[in-house]
Visitor: 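The structure is given below, and queries will be raised subsequently.
Owing to the predicted nature of the structure, the values given are computational and were not obtained by experimental measurement. What you see below is based on every heavy atom in this structure, not just the backbone, and it leaves out hydrogens, waters and symmetry mates.
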Amino acid sequence: MDPGPDTDTSQAARDRKAGGGVLKRLKSRRTQPDRRPVTEDELRALGREITPEEVLGLRAVTRDYLCKPEDNIYNIDFTRFKIRDLETGTVLFEIAKPPTADPDEDDEEEESGDADTSAGRFVRYQFTPAFLRLRTVGATVEFTVGDRPVSSFRMIERHYFRERLLKSFDFDFGFCIPNSRNSCEHIYEFPPLPEDLIRLMVEHPYETRSDSFYFVDSKLVMHNKADYAYNGGQ
């Protein structure tokens, strides 16, 4: 895997997984210069492919998706996701994709007009207030790719509370060979949050949101969204 020029390569540690595989650990790019602010409407009006530099200029969560499911021409499919506290090893969230549905059922849904274009692209999380005080979290993702090589696979993830940008993460997956199954752990380092902001985020569930943009060769191929509540256990 060939990391991008701004990647902290000393942090791309590799740990042995159970079963003999190798789990890559990736830290977010440390250098993220300020970009010219841009709105969702301005990006839609471009009439061309959206670049990583452009989404780094967004100052608010998007209302809708900036690409279509069919733009994922590489058939990248996320099959498992796990979040853990790196200080204690405690697993905070884990989900695996169920077995593939019957293709005939999918065809029937599309023909009837009931297909959900956000299916598989939106996740809702609920955590306890303690999550907001964690400093370092690991997110392990497993994914497969189709019969095309995937070059310079990159994810930019931007987190907001209401209209406030909390944090932007930028990870390089690197190169993925065709028809492969891959796994890596993204290391999220969270900035300390003021107590008054933590209180507001707990009191207003699902007003914390994120956009995750996935690029191959600097072309947007996937866009996932999530929202978060931090009032679990109350």
Side-chain angles (χ1 to χ4, degrees), residues 11-19 21-28 61-62 65 69 72 76-101 116 118-144 153-162 164-173 181-193 197-214 222-234:
Q11 297 296 337
R14 296 166 182 264
D15 286 356
R16 281 284 165 188
K17 294 191 301 181
V22 175
L23 178 67
K24 298 182 291 296
R25 285 184 172 173
L26 306 174
K27 271 198 172 183
S28 180
V61 72
T62 61
Y65 298 94
N72 179 17
I76 299 165
D77 186 18
F78 292 98
T79 57
R80 182 171 171 266
F81 184 63
K82 179 177 73 173
I83 300 175
R84 68 187 181 107
D85 175 6
L86 286 181
E87 293 185 1
T88 65
T90 302
V91 175
L92 306 169
F93 178 87
E94 186 166 13
I95 189 170
K97 187 175 181 179
T100 304
D116 182 1
S118 69
R121 300 204 289 172
F122 173 79
V123 180
R124 169 160 284 186
Y125 296 98
Q126 185 168 47
F127 298 112
T128 67
F131 187 94
L132 294 172
R133 293 181 172 85
L134 297 179
R135 297 279 67 85
T136 311
V137 168
T140 299
V141 293
E142 293 184 2
F143 62 97
T144 59
F153 188 24
R154 177 180 176 185
M155 178 186 75
I156 295 173
E157 185 171 291
R158 294 172 73 77
H159 290 249
Y160 306 87
F161 175 66
R162 296 178 171 173
R164 173 176 176 174
L165 176 65
L166 298 174
K167 180 70 175 177
S168 183
F169 299 95
D170 193 340
F171 296 103
D172 288 300
F173 293 86
R181 180 176 294 275
N182 308 271
S183 63
C184 64
E185 183 173 46
H186 294 145
I187 308 302
Y188 289 83
E189 295 178 325
F190 296 128
L193 298 175
L197 178 58
I198 289 177
R199 186 182 70 255
L200 286 172
M201 293 171 71
V202 172
E203 292 174 352
H204 299 277
Y206 307 117
E207 291 190 38
T208 305
R209 302 180 177 94
S210 67
D211 284 306
S212 298
F213 304 98
Y214 298 86
M222 300 173 69
H223 178 189
N224 293 343
K225 301 177 74 65
D227 62 15
Y228 309 79
Y230 300 100
N231 59 355
Q234 296 189 343

Visitor: In Å, rounded to the nearest 0.5 Å, how long is the span from CZ of Arg158 to CZ of Phe213?
Guide: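 CZ of Phe213 is found 8.0 Å from CZ of Arg158.
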Visitor: Set out, in order, the CA-CA distance, both residues' side-chain angles and the distance that settles side-chain hydrogen bond (donor to acceptor under 3.5 Å, both in side chains) for Asn231 and Glu203, then state yes or no.
Guide: CA-CA 7 Å; Asn231 59 355; Glu203 292 174 352; over 6 Å; no
Visitor: So, taking the atom named CG in Leu134 and the one named CG in Asp85, what distance separates them when rounded to the nearest 0.5 Å?
Guide: 5.0 Å
Visitor: Assess the side chains of Thr144 and Arg181: does a donor N or O sit below 3.5 Å from an acceptor N or O?
Guide: no
Visitor: Considering all heavy atoms of both residues, which atom of Leu166 and which atom of Pro191 are nearest to each other, and what is their separation?
Guide: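 What the structure gives for the nearest pair is O-CG, 4.3 Å.
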Visitor: Is the closest side-chain heavy-atom distance between His159 and Phe169 below 4.5 Å?
Guide: yes
Visitor: For Val202 and Pro129, which heavy atoms make the closest approach, and how far apart are they?
Guide: CG2-CB, 3.9 Å
Visitor: State which residues pass side-chain hydrogen bond (donor to acceptor under 3.5 Å, both in side chains) with Arg80; sequence neighbours excluded, sorted by chain then number.
Guide: Glu94, Glu142
Visitor: Does any non-hydrogen side-chain atom of Thr208 lie less than 4.5 Å from one of Tyr230?
Guide: yes
Visitor: When you compare the side chain of Val141 with that of Cys184, does any pair of heavy atoms fall below 4.5 Å?
Guide: yes
Visitor: On the 0 to 90° scale, with breaks at 30° and 60°, tag the His186-Phe173 ring pair as parallel, tilted or perpendicular.
Guide: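 Plane angle over 60°, so perpendicular.
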Visitor: Nearest 0.5 Å, what's the CZ-CZ distance between Phe122 and Arg209?
Guide: 8.5 Å
Visitor: Going by atom types alone, do Thr136 and Glu189 pair a side-chain donor with an acceptor below 3.5 Å?
Guide: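 Side-chain D/A pair, Thr136 to Glu189: absent.
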Visitor: So, for Tyr188 and Phe171, is the gap between ring centers shorter than 6.0 Å?
Guide: yes
Visitor: Would you say Arg135's side chain and Phe190's backbone share a donor-acceptor pair under 3.5 angstrom?
Guide: yes
Visitor: Tell me whether Arg162 at atom CZ has more than 12 heavy atoms from other residues, nucleotides or ligands lying less than 6.0 Å away.
Guide: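 Atom CZ in Arg162 is packed in, count exceeds 12.
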Visitor: Can you tell me how far the CG atom of Leu197 sits from the CG atom of Leu132, to the nearest 0.5 Å?
Guide: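 Reported to 0.5 Å precision, the distance equals 8.0 Å.
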Visitor: Restricting to side-chain hydrogen bond (donor to acceptor under 3.5 Å, both in side chains), what partner residues turn up for Thr62, sequence neighbours left out?
Guide: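 Here the qualifying residues are Asp211, Lys225.
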Visitor: Measure up the Tyr65 and His223 rings against each other and bin them: parallel (under 30°), tilted (30 to 60°), perpendicular (over 60°).
Guide: perpendicular
Visitor: What about the rings of Phe131 and Phe93, do their centers lie closer together than 6.0 Å?
Guide: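 No, ring centres 6.0 Å or more apart.
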Visitor: Please tell me if the side chains of Phe78 and Lys97 come closer than 4.5 Å, counting only heavy atoms from C-beta onward.
Guide: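 A side-chain contact under 4.5 Å is absent here.
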Visitor: Looking at Tyr206, is Arg124 sitting on its ring face, NZ or CZ under 6.0 Å from the six-membered ring centre and within 45 degrees of the normal?
Guide: yes
Visitor: Should the pair Phe153 and Phe143 be assigned to parallel (<30°), tilted (30 to 60°) or perpendicular (>60°) ring geometry?
Guide: perpendicular
Visitor: Mind checking the CG-CG spacing from Asn72 to Asp77? Nearest 0.5 Å is all I need.
Guide: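 Spacing of CG (Asn72) from CG (Asp77) equals 8.0 Å.
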Visitor: What's the separation between atom CD1 in Ile95 and atom CD1 in Ile83, rounded to the nearest 0.5 Å?
Guide: 10.0 Å
Visitor: Sequence neighbours left out, what passes ring pair (Phe, Tyr, Trp, His ring centres under 6.0 Å) with Phe81? Give chain and number order.
Guide: none
Visitor: Taking the side chain as every heavy atom from C-beta outward, state whether Asn224 and Val123 have any atom pair closer than 4.5 Å.
Guide: no
